[in-house]
Amino acid sequence: KPEWAKAHSRKGAAYHGLKKLDEAKESYTEALRLDQGNQIAQDGLRLVEVDLAKRRETDSALASALDNKDAYYIQQHKERGNTAFAEKQYKKAIHYFSRGIELDPTNEVFYSNRSAAHCFEGNFEQAVADAKKAIELKPNWQKGHGRLGNAYQGMKKYDEAIAAFSKALELDPNNTVLTKSLQAVKEEKAAAPPPEKVVEGEDRFMKPRGMMM
């Protein structure tokens with residue numbers, strides 16, 4: 001008897017008892033479509049709506065808790081990385097900053113900090129890559145350009161370092177640390193021996209005397 005409102009109402013009560021709230025709501029709604037004055041269906045639907053609202057609140061709270069959990073661990077990795085860096089434990093700092101990047105890959109601070117740690121470890125290519133990523137994420141952040149300058153300086157790529165420090169100073173003209181860094185790399189470039197010239201012609205292919213041909 002598909003058009004019997006009482007059957008749909010009882011079905012709604014059964015679903016509600018099983019915590020199948022969506023099915024319960026559907027059954028009570030159908031009962032009321034067939035019999036708008038069905039008091040049992042009205043009361044049942046009202047209780048189901050209350051439980052549905054509670055479920056939505058619980059789901060929202062759970063989602064928020066998961067978000068806060070990530071935020072907590074992100075902050076923990078940042079703080080532990082900074083502590084390790086301050087204690088000159090650069091490999092450990094790289095580890096924590098890398099963990100932070102896994103959780104928050106769009107956070108330019110992690111890349112900037114890891115770039116600095118790589119510099120102290122002599123990993124200049126990785127330092128350049130991290131600095132460039134920080135710049136990509138936040139182009140007008142002077143610290144990213146400063147990190148790039150430090151990394152290039154470590155590689156003795158003085159022109160690139162000067163360009164990076166100059167860009168950083170363009171963004172933060174009153175930064176005395178950047179001013180000193182730019183001056184230092186210019187002095188280092190001036191004191192560096194000139195690059196060796198490549199010998200052109202056949203002479204550079206000549207083998208030393210006594211070598212078998």
Side-chain angles (χ1 to χ4, degrees), residues 1-87 89-118 123 126-145 147 171:
K1 195 174 180 179
E3 299 299 314
W4 191 25
K6 185 178 288 188
H8 289 286
S9 181
R10 288 176 176 173
K11 186 179 178 182
Y15 275 134
H16 196 182
L18 293 170
K19 306 298 183 183
K20 294 186 176 182
L21 302 180
D22 295 320
E23 292 86 342
K25 179 179 179 180
E26 182 179 346
S27 296
Y28 281 133
T29 300
E30 179 64 12
L32 288 171
R33 184 187 70 81
L34 297 169
D35 180 7
Q36 294 181 1
N38 188 315
Q39 190 63 46
I40 294 176
Q42 290 176 6
D43 293 341
L45 181 59
R46 184 165 54 252
L47 293 174
V48 167
E49 291 287 6
V50 170
D51 286 346
L52 282 169
K54 290 179 180 178
R55 188 178 71 179
R56 286 191 292 270
E57 289 178 4
T58 300
D59 290 345
S60 177
L62 179 60
S64 177
L66 290 173
D67 289 342
N68 290 335
K69 180 182 177 182
D70 284 346
Y72 170 79
Y73 282 117
I74 288 168
Q75 184 63 27
Q76 285 293 300
H77 292 318
K78 181 180 178 182
E79 291 177 1
R80 290 175 181 176
N82 289 341
T83 298
F85 188 92
E87 295 174 350
Q89 300 181 44
Y90 302 117
K91 289 182 180 178
K92 185 181 287 188
I94 290 169
H95 166 76
Y96 284 122
F97 294 143
S98 297
R99 293 293 303 276
I101 287 170
E102 291 174 9
L103 291 174
D104 189 3
T106 61
N107 189 323
E108 72 281 353
V109 173
F110 280 124
Y111 290 100
S112 172
N113 290 353
R114 192 171 70 173
S115 177
H118 274 308
N123 306 326
Q126 294 95 318
V128 166
D130 278 345
K132 286 184 175 180
K133 185 63 178 181
I135 292 169
E136 176 188 326
L137 292 169
K138 194 172 182 179
N140 294 325
W141 190 37
Q142 53 83 11
K143 186 166 284 189
H145 295 279
R147 298 295 194 208
L171 296 168

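FYI, the numbering just counts along the sequence from 1.
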J.: Would you indicate whether the side-chain heavy atoms of Thr29 and Arg33 approach each other to under 4.5 Å?
T.: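 Result no, sub-4.5 Å side-chain heavy-atom pair not found.
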J.: Taking side chain as C-beta onward, heavy atoms only, is Asn82 less than 4.5 Å from Phe97?
T.: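 Yes, side chains in contact.
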J.: Just checking, any donor-acceptor pair under 3.5 angstrom between side chains of Asp43 and Gln39?
T.: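 Side chains of Asp43 and Gln39: pair found under 3.5 Å.
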J.: I'd like to check Glu49 versus Leu21 (side-chain heavy atoms, cut-off strictly below 4.5 Å). Are they in contact?
T.: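 Side-chain contact under 4.5 Å: no.
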J.: Quick one: list whatever passes side-chain contact (heavy atoms from CB on, under 4.5 Å) with Glu136, sequence neighbours left out.
T.: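 Listed in chain order: Lys133.
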J.: Has Glu26 got more than 12 heavy atoms of other residues, nucleotides or ligands less than 6.0 Å from its CD?
T.: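 No, not enclosed.
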J.: Under the side-chain contact (heavy atoms from CB on, under 4.5 Å) test, which residues partner Lys54, sequence neighbours left out?
T.: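 Per chain and number, Lys54 pairs via side-chain contact (heavy atoms from CB on, under 4.5 Å) with Val50, Asp51.
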J.: What is the minimum heavy-atom distance between His16 and Ala24, and which atoms define it?
T.: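 Shortest heavy-atom contact: N-CB, 3.7 Å.
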J.: Please tell me if the side chains of Leu137 and Tyr111 come closer than 4.5 Å, counting only heavy atoms from C-beta onward.
T.: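 Leu137 reaches Tyr111 side chain to side chain.
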J.: What is the minimum heavy-atom distance between Ser115 and Arg147, and which atoms define it?
T.: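 That closest heavy-atom pairing would be OG-CB, 3.9 Å.
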J.: Do the non-hydrogen side-chain atoms of Lys25 and Asp22 ever get within less than 4.5 Å of each other?
T.: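 No. Closest side-chain heavy atoms not under 4.5 Å.
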J.: Quick one, Phe110 and Ile74 - any side-chain contact, counting heavy atoms below 4.5 Å?
T.: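 Phe110 reaches Ile74 side chain to side chain.
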J.: Considering residues at least two apart in sequence or located in another chain, which fulfil the side-chain contact (heavy atoms from CB on, under 4.5 Å) criterion with Asn38?
T.: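 So Asn38 forms a side-chain contact (heavy atoms from CB on, under 4.5 Å) with Ala5, Ser9, Leu32, Asp35, Ile40, Ala41.
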